[in-house]
Peer 1: 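Please find one structure pasted underneath; my questions will follow.
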Amino acid sequence: MTTNNGYIYKASFSTLDVWYKGDYERAIKYYFKLDKFQSPEMAQGEELHKRFKRFIDKEKKLPAVFGGRPLAKPFIAEKFLNAQIDSWLELRGRLDLHDGTIITDFKTGQKTANEYANSWQGAVYSVLCTLCKIPVTAVDYHTYDQYSKKAGFARVWVTDKLLEDGYNWILTYSSEMHDYLLKNGLYQKYDHLRS
Amino acid sequence: MIYTIDTDKIIQLAQEGKNIVLTPEAEKQLLQLLDAKEYVEKAIDVCKEAITTEALKLNPNFSSITGEKVRVGFRQYGAKYKIDESKLDEVPENMYTANVTAQEVDRQALGEIKDTLNELSLPFKVAFSVEAKEVEKFVKEHKALPDGINEIERPKTMSITKKGEGNDNDD
């Protein structure tokens, strides 16, 4: 049974995914925001995200590079969500776009849409939306490789199995990391650094 | 036309098909299996075409859609990049390896090429392709394989095809 000793583990997909892949040191740095380094690629990605959001807010449709689909109303570009799962566990995330019942995530860089579709991100975000009572039936990934100037698209349908598997994945790796942080006194050492 | 897939029947056909080894009449079972395979494959091809049309309508950048038990999407095979030989001098050397093939080289030329490559300390491989018809002519005449030519023990796989489709003389 996982306890909290007064500390709540604030789970996010990006940190959990790094932990899940076995890069524990980096996961801890992510979690406590110990590494403030931003590469030029990360800065470029962020800038592109801002451009996408500005376009979406103004034009009420996806950018042409992503197919230009008109958005269902209401829609929200950039929505921060958090949900309490247990006394020791909170799940949080930022949706790039939610319209109708579709979550859209914009990705830049060389990773393909299929690679994102194969990740646990869709499941985690679907769980988060469901816990926040936001209807979701699909997770769309729109990728843009700013080097080759190519775009990609992949969709993952949200099924009961996806939600169940996603929920279990969140619980498993959150409890693992939370227990580690507690046992090694890392909350006491670094938790004040989280904003 | 209505085509019903009865999976119990399919299994029964598969089991009865083996009887073709003992009686020619058993080929009816095999034909039914082959027909079933053909219809299913055609149906899947029609489905793939329809999915492609709908997927590209949904998004021209379409890559894949994942459901609970099925995933459909485009796959690409083969080398991703190729060299523009007219600009070879500009391509960084660490981005390619060149493999040179000399074609239809006779024995003397082969010897000279090997010597030259050895002098240049360049690793090389020689691939020989045997002229099967010439070997078979020799065997017919001499009742034995020529020295230096050996028959390969090739693995065998069972194949079931309709007569007239594919190569009936595959050996």
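Just so we're clear, the structure is a prediction, and the values are computed from it rather than from any experiment. Letters go in sequence order (proteins before strands), and every chain restarts at 1.
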Peer 1: Provide the closest heavy-atom pair for A:V65 versus B:N61 in the form atom of the first, atom of the second, distance.
Peer 2: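 That would be O-ND2, 2.7 Å.
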
Peer 1: Establish whether B:I11 and B:L30 are linked, either directly or via other cluster members, by ILVMFWY side-chain heavy-atom contacts under 4.5 Å.
Peer 2: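 No, separate clusters.
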
Peer 1: In the single-linkage hydrophobic clustering (I, L, V, M, F, W, Y; side-chain heavy atoms under 4.5 Å), do B:F74 and B:I51 co-cluster?
Peer 2: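 Yes, B:F74 and B:I51 fall within the same hydrophobic cluster.
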
Peer 1: If you count heavy-atom pairs within less than 4.5 Å of chain B, which of A:D160, A:D165, A:L62, A:V156 leads?
Peer 2: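 Of the candidates given, the most pairs with chain B belong to A:V156.
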
Peer 1: Pull out the residues in residues 137-155 of chain A that come under 4.5 Å of chain B, heavy atom to heavy atom, sorted by number.
Peer 2: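 A:H142, A:A151, A:G152, A:F153, A:A154, A:R155 fall under the 4.5 Å cut-off.
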
Peer 1: Using every non-hydrogen atom in the two residues, find where A:N114 and B:S64 come nearest and quote the distance to one decimal.
Peer 2: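 Result for this residue pair: OD1-OG, 2.6 Å.
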
Peer 1: Give the cluster check for A:Y180 versus A:L89: same hydrophobic cluster or not, with ILVMFWY residues linked at side-chain heavy-atom distances below 4.5 Å.
Peer 2: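 Linked, A:Y180 and A:L89 end up in one cluster.
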
Peer 1: What pairs with A:Y30 under ring-ring contact (aromatic ring centres under 6.0 Å, His included), at least two apart in sequence or on another chain?
Peer 2: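 For A:Y30 there are no ring-ring contact (aromatic ring centres under 6.0 Å, His included) partners, ignoring immediate neighbours.
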
Peer 1: Please check if the number of heavy atoms outside B:E27 that lie under 6.0 Å from its CD is greater than 12.
Peer 2: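 Not more than 12 within 6.0 Å, no.
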
Peer 1: Highest number of heavy-atom pairs under 4.5 Å with chain B: which of A:L162, A:V158, A:N118, A:T112?
Peer 2: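 Of A:L162, A:V158, A:N118, A:T112, A:N118 has the most heavy-atom pairs under 4.5 Å with chain B.
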
Peer 1: Step through the shown structure and confirm whether more than 12 heavy atoms of other residues, nucleotides or ligands are within 6.0 Å of OH on B:Y96.
Peer 2: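 Yes, enclosed.
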
Peer 1: Side-chain heavy atoms nearer than 4.5 Å, only ILVMFWY residues, links allowed to pass through others: does that put A:Y116 and A:I102 together?
Peer 2: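 Result: no, two separate clusters.
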
Peer 1: Mind listing the closest non-hydrogen atom pair of A:A117 and B:T66 along with its distance?
Peer 2: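 Closest approach of A:A117 to B:T66, heavy atoms only: CB-OG1, 4.4 Å.
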
Peer 1: Just wondering, more than 12 heavy atoms not from B:D147 lying within 6.0 Å of its CG?
Peer 2: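 Result for CG/B:D147: open.
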
